[in-house]
Each structure stands twice: as structure tokens, then as C-alpha cells.
**Student:** 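Quick one: the structure is below, and I'll ask about it shortly.
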Amino acid sequence: MTRERDGRNERGGVHGNGDGDGTRVVRAGLPEEEPYAPPLPGPVLAAHFHLPGDPAQAPYSYGRDGNPTWTGLESAIGELEAPGDETARTTVFASGMAAISAVLLSRTRPGDVVVLPSDGYNLLVPMRERLEGWGVEVRTAPTGGDAQLDALDGAALLWIESPSNPGLDVCDIRRLADAAHERGALVAVDNTLATPLGQRPLELGADYAVASGTKALTGHGDVLLGYVTCRDPELAASVRLWRKTVGAIPGPVEAWLAHRSLATLELRTERQAANALAVAEALRERPEVRDVRHPGLTDDPAHPVAARQMRRFGCVVSFTLPDKGFAERFLAALRLVDDATSFGGVRSTAERRGRWGGDAVPEGFVRMSVGVEDAADLVADIRAALDEAGRG
Ligand SMILES: *Cc1c(COP(=O)(O)O)cnc(C)c1O
């Protein structure tokens, strides 16, 4: 309960002192060492806290406003998302969509112009409709080729998703952020796919790093979570007020599980990115597989920009099989890859995206999330499943 309440990274000694990511993640957000106290205190389950006197002075008062377990996680994510030695303030949410809503719905007013990616997360479509219903002008443009640049005139907010889900296109975040700031717009980046160990949007000029913690950040497929990180204290305060007002709060147990998972974030992202590259390279050898995309492939269209702004290329590989039936047979034949949505988990998953109807993708388009299994086993499983699917 000793930590200050808004999730700032105060311990400059830990962050920015040259330690590597693997070192930083195992200590991120932990309280100062205290004899006989646990290194990572357990989840604090409390709807309210003992509250003498003036609530304004209290670190914790009511459970919708703040919770020590959130504070630990918020400090940790703040340390990982913060650029260099700067501090960043994180607010955790019940899900990625709660975090996205906190920025998009709290920042925009009737008459504002908002620029969204046309190829982003599929719930940006109903989000767009909601914003338009409130009199917000929404413009969309694809992520690839920095096409959002042409939509920025008069904009109040630019929303970037790089790499985009599920198409895996990448845009130059710094270039777009500079152009948006010149026009007075704020910039938010959905950092779900990359995680803060893959790229740091704030360092690349964004005002908000927003993400679903449900995916690679927590990586075990057992938690829904989201967060918003910003440098500017006023922006951070308005995000925090939004959470309190709409009540989109994570449970303390989820927050604690997420914090616990962060210790392995470097191990997981490193291994998953290496496995994803091995899988992508193996898929490319197969004539029945088209359009294999992964930002780590050196000749992928996204690679030149990705290599400049990303430190790890993520666990997602996308590709297209001949048709719907082929893709379904392939998914059913996989032994080590579960047919499931979501991504970023320790166990590999894949799905035919077309089954949801929301993304503009071919019927045979598969999004695969590569886990931490042995790469050779995954590659052998994928080859065998392609053989089996090809037999009809
Ligand atoms: C999953 C996802 C979200 C939504 O996150 P939830 O935790 O499911 O609400 C947002 N953006 C991207 C890129 C995602 O993949």
C-alpha cells in the first residue's frame, strides 16, 4: 500500500539504467524490498479501504478508484512503455476494448475529426458507427504505405494500429505522429501485437500507447485486460477519470495474474518471435500457401519500417490457403496448434479469420499465433497438416 497511486515509474534507478529487457521485466513494478514481505504481493480484494479524514489525501478509498494490485501492474507497464528515462502513467482496464474506448470516447466531441485505420481490429467498425452517431467525422485509411497521412487535415485524433491485426501491415509511427502533431491532433497507437518489448509508441512520438493485455502481454490465455499509457499527466488523469466514471475496472486477481505474467514477457516474446519467423519461412516453401506475412521476414513489405521502429516482430503469421475448405481441413489436422481466436499465448493457435465476417480477407486466410513450443515440432506439424489438407 506504499506505492503512489497513479502508476508512475518513480524508480529511475531501475528504468533506463541500461539493464536489458529480461532483467527489467522480472522486477518491473515490484515494491521496494521489505523483510518478510512477498516479492509480488498477492491480489488485494477490497471494495473499500479504511478511510479516515480527507479522501483527497488517501492513496486508496473506494475500489472503483484505485487498488494496490492495479498500482503494481500500472507501475510495471509504465516502466516498460516509458521512453528512455522519462516517466509514463498507466491506467489498467477490464479489457483492451475498455482501454480503446477510454481514449476514443473520452477525447472526441461532436464535430471532431478522427482518423482510424481501415484495416485495424474488427471492433473499430462498430466503434466508428458509434462515433459517427454522435456527430464525429471518422476518416479511415490503410495502415500500409502511411496512407493515414492524407486524412489528417483538421483531425483531432489519429488512431494507429501497427502492426495491424490481422493483415500485419506496418506504418512509420514517428512520421505519422509528427504530421498529426503539426496539425494539432493527438496520436494513439494500439500496441497489442508488438507489446512494449516489441515497440514503444511513446518513444516514437505517440501521446497514448493503448493495448489489449489479453494477448501477448499476459500470454497465457487466461486473463482479459487492457491499458492506456501516456506521458502527459493531464491526458492520463482524464483516462483515469473515464475509468472511474464508466467503471471498466479489472478484477484484482486478473491484475495480479497479469503482473505475474510480465516476468516471462521477454522469454516469451523472444521465443515466440523466433518461432514465428521459423514458421513463416517454412510456410513460404509450400506452393499451396500464398501471401505469407510476418514483419520479421526480411523481404516482407512491412520489414524495412518494422526494422527501424520495432525491437521484436511479434508472434503472428498470416497466410492464405487455396480456399475455405482447404483452410478448415488444415486447421483440423494440426496437432499442436489449437483452432482458436485471440493471439499471443504460450500455446500456438490459428483460425480462419473469414469465419467472423468482419475482416476484409480471403476465405482461405489464416491468422496463426505462434507459441513457445519447439520450432521444429511446430514446423513438422504444419507441414503434415498441409499435406493432409491437400489430400482433400
Ligand atoms: C484483441 C485486440 C483488441 C481488444 O482487446 P480485448 O482485450 O479483447 O478487449 C484490441 N486491439 C487489438 C489489436 C487486438 O488484437
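Whatever order the structure lists ligands and atoms in, that order sets their numbers, starting from 1.
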**Student:** Distance-only, no hydrogens or angles: does the D207 side chain make a donor-acceptor pair with backbone N or O of V187 under 3.5 Å?
**Tutor:**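 Yes; judged by distance alone, with no hydrogens or angles, the pair exists.
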**Student:** Under the side chain to side chain donor-acceptor pair (under 3.5 Å) rule, what pairs show up with a residue in residues 145-159, not counting sequence neighbours?
**Tutor:**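 Residue pairs with at least one partner in residues 145-159: D146-R175, D153-R183.
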**Student:** Hey, is R383 close enough to E285 for a salt bridge, meaning N to O under 4.0 Å?
**Tutor:**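 Salt bridge flag = yes for E285 with R383.
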**Student:** Apply salt bridge (charged side-chain N to carboxylate O under 4.0 Å, His left out) to R355 and list each qualifying residue two or more places apart in sequence or on a separate chain.
**Tutor:**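 Partners of R355 by the salt bridge (charged side-chain N to carboxylate O under 4.0 Å, His left out) criterion, ordered by chain and then number, come out as D339, E351.
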**Student:** Distance-only criterion, 3.5 Å: show the donor-acceptor pairs between side-chain atoms of residues 243-251 and protein atoms not counting sequence neighbours.
**Tutor:**
from: R243; atom 1: NH1; to: E74; atom 2: OE2; distance (Å): 2.9
from: R243; atom 1: NH1; to: V92; atom 2: O; distance (Å): 2.8
from: T245; atom 1: OG1; to: L241; atom 2: O; distance (Å): 2.5

**Student:** Please tabulate, one line per pair, the protein N or O atoms found under 3.5 Å from any N or O atom of ligand 1, giving the distance to one decimal.
**Tutor:**
from: ligand 1; atom 1: 5 (O); to: S212; atom 2: OG; distance (Å): 3.1
from: ligand 1; atom 1: 7 (O); to: G96; atom 2: N; distance (Å): 2.8
from: ligand 1; atom 1: 7 (O); to: S212; atom 2: OG; distance (Å): 2.8
from: ligand 1; atom 1: 7 (O); to: T214; atom 2: OG1; distance (Å): 2.6
from: ligand 1; atom 1: 9 (O); to: G96; atom 2: N; distance (Å): 3.1
from: ligand 1; atom 1: 9 (O); to: M97; atom 2: N; distance (Å): 2.8
from: ligand 1; atom 1: 11 (N); to: D190; atom 2: OD2; distance (Å): 2.7
from: ligand 1; atom 1: 15 (O); to: N165; atom 2: ND2; distance (Å): 3.0
from: ligand 1; atom 1: 15 (O); to: K215; atom 2: NZ; distance (Å): 2.7

**Student:** Should the pair H303 and F313 be assigned to parallel (<30°), tilted (30 to 60°) or perpendicular (>60°) ring geometry?
**Tutor:**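 It falls in the tilted class, 30° to 60°.
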